[in-house]
Structures are given as structure tokens and as C-alpha cells.
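One structure is given here, and the rest of the page talks about it.
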Amino acid sequence: MTPVHFAFSSAFILGLSGLTFHRTHLLSALLCLEGMMLSLFIALSLWTVQLNSTSLCAAPMLLLAFSACEASAGLALLVATARTHGTDNLQNLNLLQC
């Protein structure tokens with residue numbers, strides 16, 4: 001495994017572990033998801049450059065567009081949660097009672 005692959009796989013694993021173990025606030029969960037998506041974007045971009053393939057060059061841009069949509073939906077949920085519940089603390093939220 002090259003150092004570049006190790007760096008991006010460890011960035012993805014760190015984002016996943018942050019999402020798994022540190023679920024205190026909704027904003028921190030969204031930041032972990034965004035870090036995971038950015039590491040996937042950079043890894044996919046480097047993969048297409050290494051393969052010298054023109055057929056896969058649209059895949060990183062598609063992933064980036066999906067991650068932007070995910071970020072905007074997450075921020076909309078954050079604003080709605082902060083308005084209705086007054087906090088973004090995930091332990092205080094019970095989404096079945098909304």
C-alpha cells in the first residue's frame with residue numbers, strides 16, 4: 001500500500017470512527033460524513049488519474065455533486081432541529097415524537 005492510499009484510507013476510517021463513537025452533536029456527525037465524502041472524492045480522483053482513463057473522469061464530479069446535496073440536506077435538518085428542539089444534541093432528540 002502506497003503512502004497516498006494509506007493516507008486516504010486512514011482519513012476515511014477516522015471519519016467513520018468519529019461518526020460511530022462520537023455521536024454527541026448533529027453538527028459533528030455531519031462533519032464526519034463530509035470528511036468521509038471528501039476522502040472518497042480525492043481517492044476516486046487519484047484513481048482515475050492513475051488509470052489514465054477518460055471514461056471514469058465523470059465519477060468524481062458526480063460524487064462531489066452528491067456530497068454537496070448531502071451537505072445541504074444535513075444543514076437543513078440541523079436548522080430545523082435547532083429551531084424545534086433548541087439544541088443539536090443527538091441524545092436529547094427522539095425523532096419518533098416529532
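Source: prediction; values computed, not measured.
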- Query: At their closest point, which heavy atom of A11 faces which heavy atom of S39, and how far apart are they?
  - Reply: CB-CB, 4.1 Å
- Query: Between atom CG of L38 and atom CG of L64, what is the distance when rounded to the nearest 0.5 Å?
  - Reply: 7.5 Å
- Would you indicate whether the side-chain heavy atoms of F8 and L40 approach each other to under 4.5 Å? no
- Does L33 share a hydrophobic cluster with F21, counting links as ILVMFWY side-chain heavy atoms below 4.5 Å and allowing steps through other members? no
- Reported CD-to-CG distance for the pair E34 and L19, which is rounded to 0.5 angstrom: 12.5 Å
- Task: Flag yes if I42 and L14 sit in one hydrophobic cluster, no otherwise; membership is Ile, Leu, Val, Met, Phe, Trp, Tyr, and two members link when side-chain heavy atoms are under 4.5 Å apart.
- Result: no
- Residue pair L44 / F41, side-chain heavy-atom distance below 4.5 Å: no
- Note on the structure: Value for OG (S10) from CG (L16), rounded to nearest 0.5 Å, stands at 12.5 Å
- Message: Give me the atom names and distance for the closest heavy-atom approach of P60 to S45.
- Response: CB-OG, 3.4 Å
- Atom of L30, atom of L78 and distance for their closest heavy-atom approach: CD1-CB, 4.3 Å
- Task: Heavy atoms only: give me the nearest S28-T24 pair and the separation to one decimal.
- Result: OG-OG1, 4.3 Å
- Item | Residues which pass side-chain hydrogen bond (donor to acceptor under 3.5 Å, both in side chains) with H25, listed by chain and number, not counting sequence neighbours | D88
- Message: As an exercise, state the distance from CD1 of I13 to CE of M36, rounded to the nearest 0.5 Å.
- Response: 8.5 Å
- Query: CG of L27 to SG of C32: how many Å apart, nearest 0.5 Å?
  - Reply: 10.0 Å
